[in-house]
Amino acid sequence: MRHVIWDWNGTLADDLPTVVRCVNLSLAAIGENPIVADDYRDHYTRPVRRFYDDLLGRAVADSEWATIDYVFHAEYAKAAVQVPLASDARRAIDMVAAAGGTQSILSMWWHDDLAAEVSRHGLAEFMVRVDGNTKDAGETKERLLEIHLQALGGNGAVMIGDAIDDALAAQSIGIGCVVYDGGSHHRVELEKLDAPIASSLVEAAAIALGE
Ligand SMILES: [Mg+2]
């Protein structure tokens, strides 16, 4: 039986415009100019501090990083309740359920906020587990995935995520990953990965189900 592990931000949750707005508020707080979505996708990387280094073309100072991190999370927390699901998220989840697959959500976002949003969108009943970040901003997807897989206790899991980081985490743990090109990265960057690429969540679900 197939198990699909969904990423949240940039995958099931269509939050790119919100993320860019919050990045701009954090940049304004350190006196830097705003960016547009293409700038975000040009530079997006993990850890997030490196994203800001790349974006600004210089190393952000520790005090700037503290401001950025605080402002981004405070603003995102306020905006999160307005973030919609990706337009075909529900259809893709229904597809996996109809095929007899099980599903879970694994995210680097704060666990309590994630769980609240998953419930608000009526998705909790479809998920055997919902795991977010309970530690700190320095946590890695790879480590969270390892813990998530242990808790699931099964096999046959495939990840669906929008970030290079998702694919690399899956690869290092030895599970498959379908990358979705509607989120944090330009497709041309995803094409450098050794992973199938989907341009919709329904397509990603179909690939993950092996159809
Ligand atoms: Mg993501």
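As the structure lists them, so they are numbered: ligands from 1, and atoms in each ligand from 1.
In summary, Arg41 and Asp181 do not engage in a salt bridge, as defined by a charged side-chain N under 4.0 Å from a carboxylate O. Under 4.0 Å is where a charged nitrogen must lie from a carboxylate oxygen, and between Glu75 and Lys78 at least one such pair does.
Sorted by chain and number, the protein atoms of type N, O or S within less than 2.8 Å of the Mg ion (ligand 1) are Asp7 OD2, Asn9 O, Asp162 OD1.
Residues in residues 160-185 take part in these ring pair (Phe, Tyr, Trp, His ring centres under 6.0 Å) pairs, two or more places apart or across chains: Tyr44-His185.
Every residue meeting the side chain to side chain donor-acceptor pair (under 3.5 Å) condition with Tyr76, not counting sequence neighbours, appears here in chain and number order: Asn9, Asp15.
The 12-atom threshold is exceeded at CZ of Arg120, counting heavy atoms of other residues, nucleotides or ligands nearer than 6.0 Å.
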Return a table of donor-acceptor pairs under 3.5 angstrom between the side chains of residues 26-35 and protein atoms on other chains or two or more places apart.
from: Ser26; atom 1: OG; to: Val23; atom 2: O; distance (Å): 2.7
from: Ser26; atom 1: OG; to: Tyr52; atom 2: OH; distance (Å): 3.1
from: Glu32; atom 1: OE2; to: Arg58; atom 2: NH2; distance (Å): 2.9

